[in-house]
Peer 1: 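Attaching a single structure in structure tokens format; questions to follow.
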Amino acid sequence: MAQFQAVKGAKDIFPEEVVRWHYIEGVIRSVTSLYGFSEVRTPVFEYTELFQRGIGSSTDIVGKEMFTFLPDPNGRSITLRPEMTAGVMRAFLQKNPGAGVPVHKLYYIADLFRKERPQAGRQRQFTQFGAELLGVSSPAAVAEVISMMMQVFDTLGLHGLRLRVNSLGDHEDRMRYREQLRSYLEPYHDLLDEASRERFEKNPLRILDSKNPAVQEIVAGAPKLLDCITIEGRAEFDRVLGYLSDRGIAYEVDHLLVRGLDYYGHTAFEVVSAELGAQDAIGGGGRYDALSKELGSNSEIPAVGFAVGMERLIITMEKQGLFATLCPHGPQVFVVLQDASLEDEALRIADRLRRAGITTETDLAGRSMKAQMREANRLLAGFALFVGQDEVASGSYTLRNLRTSEQLSLSIDAIPGVLLESSKP
RNA sequence: GUGAUUGUAGCUCAGCUGGUUAGAGCGCCAGGUUGUGGCCCUGGAGGUCGGGGGUUCGAGUCCCCUCAUUCACCCCA
């Protein structure tokens, strides 16, 4: 047992896996650029009030999951970001104070921190890929954002994901619905579990997405949030659905979908993967028109966005065998030296090959030739180049093709050409 | 925060109702091939059995505490 291990809920990512991240990040960068989104990077910490105001102090995230600290005795409380939307909006408002807001399209791939108990698909430090469309939140804008998210999944080859959408209406709609839901649940009050009873007082909407089967049964007959929405709101939601159908994006309207963050309103959505176990949401998002004012802007900036959990994405892709094509490639050549006295010569040759643009490795540990050859094989090197007394004396080096086992004797000057030629597809 | 689970070699794991020097596979190193890999054969190195305490003639095995892991609740990506 090592004396130190990674902090609970934090993971090391080694090269074999980093390859996967690079691949996914590449797809994200290309798809987002197709939609005209540009990357934004914001600080990993923010003043704590930003999250209290933005996410809402009644949420679990703010209530009990934040890594918060005081930088110095008289300083302001600071928190490691538990999500990106509040920070991106803050950055945007800081850069564009009070300006008439044109459309801005931003995306990010960022590390976040939440002090939860780790479990499958949940870590204390995790990464989200997300996008924020600021300045419009029209049905077309909502559809655009959902469409981009789905295109990323699609390009990665994911299948069997379910997109659930719902409309949370505006604030008044929700207040109205809240009362309807309360009066519906009233007679069942004693049948509800403890958590649901508490929500009955504080935030009855959260009872809708309870995992407790008994509660789900009760909730199944509850009035629908969608039915409390104004005609205009309902029409907008239908237009979003129309755009999705139009683009061939499958969805299901889920009346029980309520997102946990306070700033969401109107359209909300979530994508779940059957491969994930209990934490099955791979991504989610919605409209958050109210956030800008909550953060002190004097004009409301309509906005839509989503976030996708990178680790959950990777788990799902792994389960679906989508990394199979990602084959590792070794160095083009491994320089094998006969004995330690030739180290200088071997390093000179390696240096020369690298300057010629050839990926080259050599033994740095003074190991036997057999061990060096095994290493070359393990690394998936294309060739082995032998550096021995004979070669140095004659100036003619032995180059062995490790795939075909063919060997050639070549002058150093001829080697780069042969290697470059052989690595062409 | 709550519940359960697991913790033996670098890795994946065996170790029956407590009984002498703790095992396997893979990996690693060396040799079989004194200048050559992948397959095969032989040998070798490597373990405070998570940590602490207790019961016992005797504990990897039983009890308590503790730390860590994993999964679930909660919540969310």
Side-chain angles (χ1 to χ4, degrees), chain A residues 1-9 11 55 58-66 82-85 108-130 149 193-196 198-199 203 206 209-212 257-261 264 269-273 276-285 305-316 330 334-339 342 363 365 367-392 397-407:
Chain A
M1 188 63 69
Q3 195 170 8
F4 287 106
Q5 44 187 308
V7 170
K8 184 200 289 292
K11 289 260 193 308
I55 305 171
S58 70
T59 62
D60 279 12
I61 291 180
V62 172
K64 52 187 194 189
E65 296 173 3
M66 298 204 299
E83 60 103 53
M84 277 297 277
T85 303
Y108 56 82
I109 298 173
D111 292 333
L112 306 177
F113 307 84
R114 257 122 96 158
K115 198 162 55 191
E116 304 179 272
R117 275 286 266 279
Q119 72 183 76
R122 189 168 73 189
Q123 299 171 195
R124 286 183 163 190
Q125 179 180 338
F126 62 104
T127 308
Q128 279 185 352
F129 144 58
M149 176 179 71
D193 56 39
E194 199 182 330
S196 297
E198 201 180 314
R199 291 190 193 125
N203 188 358
R206 303 307 322 261
D209 61 2
S210 168
K211 277 188 192 168
N212 184 332
L257 177 67
V258 287
R259 308 239 80 222
L261 281 46
Y264 284 123
F269 53 91
E270 183 173 278
V271 176
V272 296
S273 156
L276 282 175
Q279 308 305 320
D280 65 350
I282 197 170
F306 67 82
V308 170
M310 291 288 281
E311 291 81 4
R312 293 183 186 179
L313 186 58
I314 288 172
I315 293 169
T316 304
F334 191 100
V335 177
V336 175
L337 48 156
Q338 189 182 348
D339 60 68
L342 293 158
D363 179 60
R367 298 196 286 169
S368 71
M369 288 190 68
K370 184 187 181 102
Q372 292 179 61
M373 286 301 285
R374 276 158 63 97
E375 177 74 353
N377 196 56
R378 194 182 63 77
L379 291 171
L380 304 174
F383 289 82
L385 177 64
F386 294 96
V387 177
Q389 315 295 351
D390 295 351
E391 279 82 356
V392 175
Y397 290 79
T398 307
L399 184 68
R400 180 183 178 89
N401 183 319
L402 294 177
R403 300 285 174 286
T404 64
S405 298
E406 289 170 327
Q407 295 197 169

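From a predicted model like this one, the values you see are computed outputs, not experimental measurements. Quick note on labels: first sequence line is chain A, next is B, and so on, each numbered from 1.
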Peer 1: Passes side chain to side chain contact (heavy atoms under 4.5 Å, CB included), Met369(A) versus Asp363(A)? Steps please.
Peer 2: CA-CA 9 Å; Met369(A) 288 190 68; Asp363(A) 179 60; over 6 Å; no

Peer 1: Rounding to an integer number of Å, can you tell me how far Tyr264(A) OH sits from rC76(B) C1'?
Peer 2: 11 Å

Peer 1: Reckon Ser368(A) touches a base, only the sugar-phosphate, or nothing at all at heavy-atom distances under 4.0 Å?
Peer 2: sugar-phosphate

Peer 1: Hey, which of these two, Val387(A) or Pro118(A), hits RNA chain B nearer its 5' end, going by closest nucleotide?
Peer 2: Val387(A)

Peer 1: Would the base of rC28(B) count as contacting Arg367(A) through its side chain, where contact means a donor and an acceptor less than 3.5 Å apart?
Peer 2: no

Peer 1: For the pair Phe269(A) and Phe306(A), name the ring-plane relationship: parallel under 30°, tilted 30 to 60°, perpendicular over 60°.
Peer 2: tilted

Peer 1: For rC74(B), does OP1 or OP2 lie under 4.0 Å from any side-chain N or O of Lys115(A)?
Peer 2: no

Peer 1: So for Gln407(A) and rU36(B), does any side-chain atom that can act as donor or acceptor lie under 3.5 Å from a complementary atom in the base?
Peer 2: yes

Peer 1: Give Ala371(A) one of three labels, base, sugar-phosphate or nothing, depending on what nucleic acid heavy atoms sit under 4.0 Å from its own.
Peer 2: sugar-phosphate

Peer 1: In whole Å, I'd like the distance from the CG atom of Asp60(A) to the P atom of rC74(B).
Peer 2: 11 Å

Peer 1: Would you mind telling me which of rG37(B), rC74(B), rC76(B) lies closest to the side-chain atoms of Met373(A)?
Peer 2: rG37(B)

Peer 1: Checking all strands, does Leu402(A) fall into the base, sugar-phosphate, or nothing category for heavy-atom contacts under 4.0 angstrom?
Peer 2: base

Peer 1: Does Arg374(A) contact rG38(B) through a side-chain donor or acceptor facing the base, at a distance under 3.5 Å?
Peer 2: no

Peer 1: So, is Arg400(A) close to the rG38(B) phosphate, meaning a side-chain N or O under 4.0 Å from OP1 or OP2?
Peer 2: no

Peer 1: Strictly below 4.0 Å: does Gln279(A) bring a side-chain N or O up to OP1 or OP2 of rC73(B)?
Peer 2: yes

Peer 1: Could you check whether Lys370(A) gets within reach of a base, just the sugar-phosphate, or nothing at all, counting any heavy atom under 4.0 Å?
Peer 2: base

Peer 1: Select one nucleotide: of rC73(B), rU69(B), rC76(B), the one nearest the side-chain heavy atoms of Gln5(A).
Peer 2: rU69(B)

Peer 1: Counting side-chain heavy atoms from CB outward, which of rG3(B), rC29(B), rC76(B) is closest to Arg117(A)?
Peer 2: rG3(B)

Peer 1: Hey, does Ala120(A) reach any base, or is it just sugar-phosphate, or nothing, if we go heavy atoms under 4.0 Å?
Peer 2: sugar-phosphate

Peer 1: Give a yes/no on whether any side-chain N or O of Gln119(A) is located under 4.0 angstrom from OP1 or OP2 of rU70(B).
Peer 2: no

Peer 1: Can you tell me whether the side chain of Glu391(A) and the base of rG35(B) have a donor-acceptor pair closer than 3.5 Å?
Peer 2: yes

Peer 1: Between rC71(B), rG35(B), rG37(B), which one does the side chain of Asp390(A) approach most closely?
Peer 2: rG35(B)

Peer 1: Indicate whether Phe126(A) forms a stack on rA77(B); treat it as stacked only if centroid distance is below 5.5 angstrom and interplanar angle below 30 degrees.
Peer 2: yes

Peer 1: Measure distances between side-chain N and O atoms of Arg114(A) and base N and O atoms of rA77(B), and say whether any donor-acceptor pair falls under 3.5 Å.
Peer 2: yes

Peer 1: Looking across every strand, which nucleic acid part, if any, lies under 4.0 Å from Glu83(A) by heavy atom: base, sugar-phosphate, or nothing?
Peer 2: nothing

Peer 1: What about Asn377(A), does its side chain sit under 3.5 Å from the base of rG37(B) through a donor-acceptor pair?
Peer 2: yes

Peer 1: Within the 4.0 Å heavy-atom criterion, would you say Gly121(A) contacts the bases, only the backbone, or no part of the nucleic acid?
Peer 2: base

Peer 1: From rC71(B), rC76(B), rU36(B), pick the nucleotide closest to the side chain of Thr398(A)?
Peer 2: rU36(B)

Peer 1: Lys8(A) has a side chain; which of rC76(B), rG35(B), rU69(B) sits nearest to it?
Peer 2: rU69(B)

Peer 1: Pick the closest RNA chain B nucleotide for Lys64(A) and for Gly284(A) by heavy atoms, then say which residue is nearer the 5' end.
Peer 2: Lys64(A)

Peer 1: For Gln123(A), which contact category applies under a 4.0 Å heavy-atom criterion: base, sugar-phosphate, or nothing?
Peer 2: base

